[in-house]
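First up is the structure itself, then whatever we jot down about it.
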Number of protein chains: 2
Amino acid sequence: MIVHPNISALTALLTERSRAAILAALMDGKFHTASELAYMASIKPQTASFHLAKLEENNLIICEKHGRFRYFRLANDEVANTLEIIMAISPLPEVRSLNQSSQLKKLESARTCYDHLAGRVSVSLTKLMEEAGYIERDNKKFLVTKSGELFFEDFGVDLVGLSKKRRAFSNACLDWSERTYHLGGALGNGLFERYLELDWIETKENSREVVITDRGKSGFKDLFGLEI
Amino acid sequence: MIVHPNISALTALLTERSRAAILAALMDGKFHTASELAYMASIKPQTASFHLAKLEENNLIICEKHGRFRYFRLANDEVANTLEIIMAISPLPEVRSLNQSSQLKKLESARTCYDHLAGRVSVSLTKLMEEAGYIERDNKKFLVTKSGELFFEDFGVDLVGLSKKRRAFSNACLDWSERTYHLGGALGNGLFERYLELDWIETKENSREVVITDRGKSGFKDLFGLEI
DNA sequence: TAAATAATACGATGCTCATCGAAGTATGGA
DNA sequence: TCCATACTTCGATGAGCATCGTATTATTTA
């Protein structure tokens with residue numbers, strides 16, 4: 001008798017190409033309709049509907065109905081985090097085209113991970129915040145120091161408001177491209193929203209790609225000393 | 001076009017019940033013959049042969065031939081670590097019998113992870129060594145401090161010899177039962193071997209279970225202040 | 001009220017793949 | 001030289017399951 005955790009139960013859902021594509025598409029943290037996801041995964045709506053039902057049953061995604069549309073999203077950031085971990089230990093896709101290769105480079109530089117920033121830029125920012133003494137990693141989460149509290153409030157992130165949300169305040173999220181941690185959770189989301197507000201970053205439709213604006217480049221340099 | 005790591009390629013190999021059972025059996029870090037693995041996974045030798053070929057092709061396991069026997073082992077500790085990570089984020093198996101439940105408890109307490117110690121005991125020891133200032137975690141590996149060098153040499157672990165091995169000197173290995181890190185790599189293995197040498201621990205045939213002997217209990221208490 | 005759109009339900013199809021019996025190869029020992 | 005053992009190869013079988021055509025339900029718009 002071999003006793004081991006139930007590997008199959010989770011991975012079986014991820015193994016199937018179409019479902020993996022759907023989940024990868026949902027990693028942008030946004031809501032998507034069933035038809036959109038069908039298109040993104042290159043399958044017919046009926047097939048997508050079948051997979052979406054299965055993913056919802058297993059609590060990987062949630063659904064909100066508005067009129068005749070059904071909007072799907074990842075269930076929570078724990079699911080997103082789990083997907084990132086699996087991506088981190090999975091092989092990179094074989095690059096078949098120049099287009100795909102440049103797309104991959106952009107994603108490795110900066111992308112959304114559910115509802116916060118990921119990629120080279122995010123990992124650098126996280127490191128710089130650690131070095132500056134604003135945050136400290138405690139195993140799988142980050143703690144905000146005294147000087148960090150001042151820093152974040154000063155930057156315009158409402159820590160008190162964030163801490164009231166019914167979700168992890170901050171977690172150390174494994175980055176699939178950098179294979180180390182970046183800042184996630186409510187705090188990661190708070191920073192992300194603030195960057196957007198300040199026009200330091202821009203997100204793209206139907207892609208996880210994040211573009212750093214010129215204003216962002218000088219902002220990140222002034223604030224953290226980060227050259228992009 | 002969706003660009004992301006190829007989740008399916010990895011998880012497909014792990015999802016299949018028989019292959020998962022084979023890999024779980026190999027997590028003890030020992031060599032096993034094809035027949036042994038077939039028996040452990042409750043399949044016929046032909047079927048095992050088919051799966052073993054597939055796993056070898058994908059560099060998850062390696063094979064050494066001695067006479068008419070073929071001995072299989074996990075390819076390296078990176079594979080072992082990857083398996084532990086997936087186990088860590090997978091739901092625990094449904095417990096079907098008392099026997100299975102007590103087996104699971106024993107594994108959670110102390111077991112082998114590839115070629116070093118894992119489970120509650122290992123996580124505690126790692127923490128205590130960190131608190132004592134012998135090691136420091138640096139992201140995904142552990143560094144040995146000056147006082148640590150003295151400590152390990154004094155305990156009978158040959159650090160210079162270990163550092164010459166063609167493998168990671170020490171890595172932070174994610175523990176599936178405790179969901180935090182324990183000490184792995186060459187140093188983890190060195191300690192494991194030394195515990196065995198001192199009769200502090202005993203391994204069981206065909207199981208990842210590790211038993212702490214009475215001598216071990218007093219040893220761990222004297223050395224680290226760990227009550228078992 | 002009728003047509004268009006979003007999505008699901010159901011059933012048929014077909015593909016992938018694990019499994020195992022039968023047969024074959026390699027090695028060791030009597 | 002013959003048999004036993006360890007393992008692999010090949011081929012047949014069958015189960016699971018993704019896919020999609022067709023039909024249906026729900027909602028919006030004209």
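FYI, side chains are in, hydrogens and waters are out, and symmetry mates aren't considered; it's all heavy atoms of this structure. Everything numeric here is computed off the predicted structure, so don't read it as measured data. In what follows, chains are A, B, ... by sequence order, proteins preceding strands, each numbered from 1.
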Under 4.0 Å from OP1 or OP2 of [N]: is there any side-chain N or O of [X] that close?
X      : N       : result
R19(B) : dA18(C) : yes
T47(A) : dC20(D) : yes
R17(B) : dA18(C) : no

Going by distance alone, is a donor N or O of one side chain under 3.5 Å from an acceptor N or O of the other, for [X] and [Y]?
X       : Y       : result
T126(B) : R137(B) : no
T15(A)  : S8(B)   : no
D175(A) : S177(A) : yes

Exercise. Can you list every ring pair (Phe, Tyr, Trp, His ring centres under 6.0 Å) pair that touches residues 69-109 of chain A, not counting sequence neighbours?
Worked result: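 Listed once each, the pairs are H66(A)-Y71(A).
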Just the rounded figure in Å: distance from [atom2] of [N] to [atom1] of [X].
X      : N       : atom1 : atom2 : value
E16(B) : dG16(D) : CD    : P     : 13 Å
L37(B) : dT19(C) : CG    : P     : 14 Å
I43(A) : dC17(D) : CD1   : C1'   : 14 Å
L13(B) : dC17(C) : CG    : P     : 11 Å
K44(B) : dA22(C) : NZ    : P     : 12 Å
F69(A) : dA4(C)  : CZ    : C1'   : 12 Å

For this session: Hey, which sits more toward the 5' end of DNA chain D by its nearest nucleotide, Y71(B) or S18(A)?
Result: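 It is Y71(B) whose nearest nucleotide is closer to the 5' end.
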Exercise. Is the side chain of N76(B) donor-acceptor paired with the backbone N or O of V79(B) at a distance under 3.5 Å, no angle test?
Worked result: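 Side chain of N76(B) to backbone of V79(B): a pair is present.
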Exercise. Donor-acceptor pair, R208(B) side chain versus T112(B) backbone, under 3.5 Å?
Worked result: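 Confirmed, R208(B) side chain pairs with T112(B) backbone.
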What's touching nucleotides 22-30 of chain D from the protein side, N or O pairs under 3.5 Å?
from: dT22(D); atom 1: O4; to: Q46(A); atom 2: NE2; distance (Å): 3.4

For this session: Please work out which of the three classes, parallel, tilted or perpendicular, describes the rings of W200(B) and F220(B), given edges at 30° and 60°.
Result: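 Taking W200(B) first and then F220(B), their aromatic rings stand perpendicular (interplane angle over 60°).
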Problem set entry | Ring-ring centroid check Y181(B) F142(B), cutoff 6.0 Å |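 No: the rings miss the under 6.0 Å criterion.
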Exercise. Out of curiosity, L74(A) CG to F31(A) CZ, how far, rounded to the nearest 0.5 Å?
Worked result: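 Result: 10.0 Å between the selected atoms.
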Problem set entry | Neighbours of DNA chain C within residues 48-61 of chain B, by heavy-atom distance under 4.0 Å |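 Here the set is F50(B), H51(B), K54(B).
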